[in-house]
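Atoms considered below: every heavy atom in the structure, side chains included; atoms not considered: hydrogens, waters and symmetry mates.
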Amino acid sequence: HPAHVVVDKAGSRAFVTLAGENAVAVVDLARDEVVHKVSTGAYPHGLRISPDGGTAYVANVEDGSISVLDTAKLTEIARIPVGKAPVQVGFTPDGGRVYVSLRDENKVAVIDTPRGPVNVGGSLDLSGLEVELDHAAEWRQIYHECWRQMRDFFYDPNMHGNDWVALRKRYEVLLPHVRHRIDLTY
């Protein structure tokens, strides 16, 4: 299944993780078609393109690694072990470091991108971390992401004759009344 989608700086290609295929699909956005698939580690999930656009880092959940993809050659150029269940990656603005969330360790791994290997001493202690959530904003984002996923990947391009934009607007007015996550998905 497609997990994450990231569009390159030029807006010409999208990179889509395909968890069930252990690959990243490269989509030509002008032609709306998959033009290439790059093999990755097991169960690719989160991905990000480096600030310079030259590489994409893909979190492989099941084998505990990060696949580094050359975005020009469309090949995997490295696979870096990082820990248990990496799910997402994020770059520093200069691209010098990549931070990888490790779901099963409750840690964040740090990759120094110029050298490539994981900085073993670079995990962060998150025991004192507090997270403030804006639930209304989160639920609004979930609603729009689900709507977009259905729009983009529904098996019938005609949506069974439904006006998909009108349906989004019809139910969107209920968002201010959501008081719990269950309210959103019920």
Side-chain angles (χ1 to χ4, degrees), residues 1-9 11 13-21 23-25 27 29 40-51 53 56-62 64-67 69 82-95 97-111 122-156 159-160 162-186:
H1 73 274
H4 284 220
V5 179
V6 176
V7 177
D8 66 7
K9 281 183 178 183
R13 296 181 302 173
F15 293 79
V16 182
T17 53
L18 303 174
E21 297 182 40
V24 169
V27 179
L29 297 176
T40 64
Y43 206 86
H45 186 68
L47 83 149
R48 292 287 183 271
I49 297 174
S50 62
Y57 281 59
V58 182
N60 301 311
V61 178
E62 291 184 356
S65 71
I66 295 294
S67 289
L69 310 182
V82 290
K84 294 180 184 174
V87 292
Q88 191 53 273
V89 298
F91 283 88
T92 55
D94 68 357
R97 284 193 165 180
V98 176
Y99 293 90
V100 182
S101 59
L102 303 175
R103 182 191 66 207
D104 292 354
E105 295 182 45
N106 197 29
K107 292 182 178 177
V108 174
V110 181
I111 300 173
S123 64
L124 303 173
D125 177 14
L126 302 177
S127 60
L129 179 68
E130 292 184 23
V131 177
E132 292 184 28
L133 294 176
D134 179 347
H135 290 292
E138 180 183 15
W139 296 329
R140 192 170 33 260
Q141 178 187 358
I142 291 169
Y143 177 80
H144 289 285
E145 284 294 316
C146 291
W147 176 86
R148 185 191 57 76
Q149 281 280 11
M150 290 298 293
R151 180 198 66 199
D152 293 351
F153 298 105
F154 194 67
Y155 71 94
D156 177 11
M159 304 300 288
H160 293 286
N162 291 301
D163 181 345
W164 201 238
V165 173
L167 284 173
R168 182 192 75 212
K169 291 177 183 176
R170 176 180 175 184
Y171 291 102
E172 191 172 41
V173 299
L174 298 174
L175 284 173
H177 305 287
V178 173
R179 295 291 176 252
H180 189 276
R181 177 70 164 81
I182 297 280
D183 295 342
L184 181 67
T185 55
Y186 180 69

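Listed by first then second residue, pairs satisfying side-chain hydrogen bond (donor to acceptor under 3.5 Å, both in side chains) with a partner in residues 126-141 read Asp125-Ser127, not counting sequence neighbours.
For Glu105, there are no side chain to side chain donor-acceptor pair (under 3.5 Å) partners, not counting sequence neighbours. Applying the side chain to side chain donor-acceptor pair (under 3.5 Å) rule to Tyr171 yields no partners; only residues at least two apart in sequence or on another chain are considered. Residues meeting the salt bridge (Lys or Arg N to Asp or Glu O under 4.0 Å) test with Arg179, sequence neighbours left out: none. Evaluation of the ring pair (Phe, Tyr, Trp, His ring centres under 6.0 Å) rule for Phe153 yields no partner, not counting sequence neighbours. Take Ser50 and apply the side chain to side chain donor-acceptor pair (under 3.5 Å) test, not counting sequence neighbours, and it matches Asp52, Thr55. The ring pair (Phe, Tyr, Trp, His ring centres under 6.0 Å) search around Tyr143 returns none, not counting sequence neighbours. Applying the salt bridge (Lys or Arg N to Asp or Glu O under 4.0 Å) criterion to Asp152, with sequence neighbours excluded, gives Arg148. When the ring pair (Phe, Tyr, Trp, His ring centres under 6.0 Å) test is applied to His177, no partner is found at least two apart in sequence or on another chain. In this structure, the side-chain contact (heavy atoms from CB on, under 4.5 Å) partners of Val7, at least two apart in sequence or on a different chain, are Ala14, Leu29. Taking Asp8 as the reference, Arg13 meet the salt bridge (Lys or Arg N to Asp or Glu O under 4.0 Å) condition, with sequence neighbours excluded. Residues satisfying the side chain to side chain donor-acceptor pair (under 3.5 Å) criterion with His144, sequence neighbours excluded, are Glu172.
Closest approach of Pro86 to Asn60, counting heavy atoms only: CG-O, 3.3 Å. The shortest non-hydrogen separation linking Leu18 to Ala25 is CD1-CB, 3.6 Å. Of all non-hydrogen atoms in His45 and Ala3, the two that sit nearest each other are ND1-CB, 3.6 Å. Across every non-hydrogen atom of Leu69 and Thr40, the tightest pair is CD2-CG2, 4.5 Å.
A 4.5 Å side-chain heavy-atom check between Met159 and Leu167 finds every atom pair outside the cut-off. Using a 4.5 Å heavy-atom threshold, the side chains of Leu175 and Leu184 count as touching. Within the 4.5 Å cutoff, no side-chain heavy atoms of Arg103 are placed close to those of Lys84. In this structure, Phe91 and Ile49 have side chains that are not in contact, with every pair of non-hydrogen atoms separated by 4.5 Å or more.
Relative ring orientation between His160 and Phe154 is described as perpendicular, the plane-to-plane angle rising above 60° on a 0-90° scale split at 30° and 60°.
In this structure a side-chain-to-backbone donor-acceptor pair under 3.5 Å is present from Thr92 to Arg97. Judged purely by atom type and a 3.5 angstrom limit, Ser67 uses its side chain to pair as donor or acceptor with the backbone of Gly41. Judged by distance alone, the side chain of Asp163 and the main-chain N or O of Val165 form a donor-acceptor pair under 3.5 Å.
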May I have the step-by-step check of side-chain contact (heavy atoms from CB on, under 4.5 Å) for Ile66 and Val98, ending in yes or no? CA-CA 10 Å; Ile66 295 294; Val98 176; 5.9 Å; no

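Cation-pi geometry between Arg168 and Trp147 is met: under 6.0 angstrom from the ring centre, within 45 degrees of the axis.
Once rounded to the nearest 0.5 Å, the distance linking OH of Tyr155 with CE of Met150 reads 9.0 Å.
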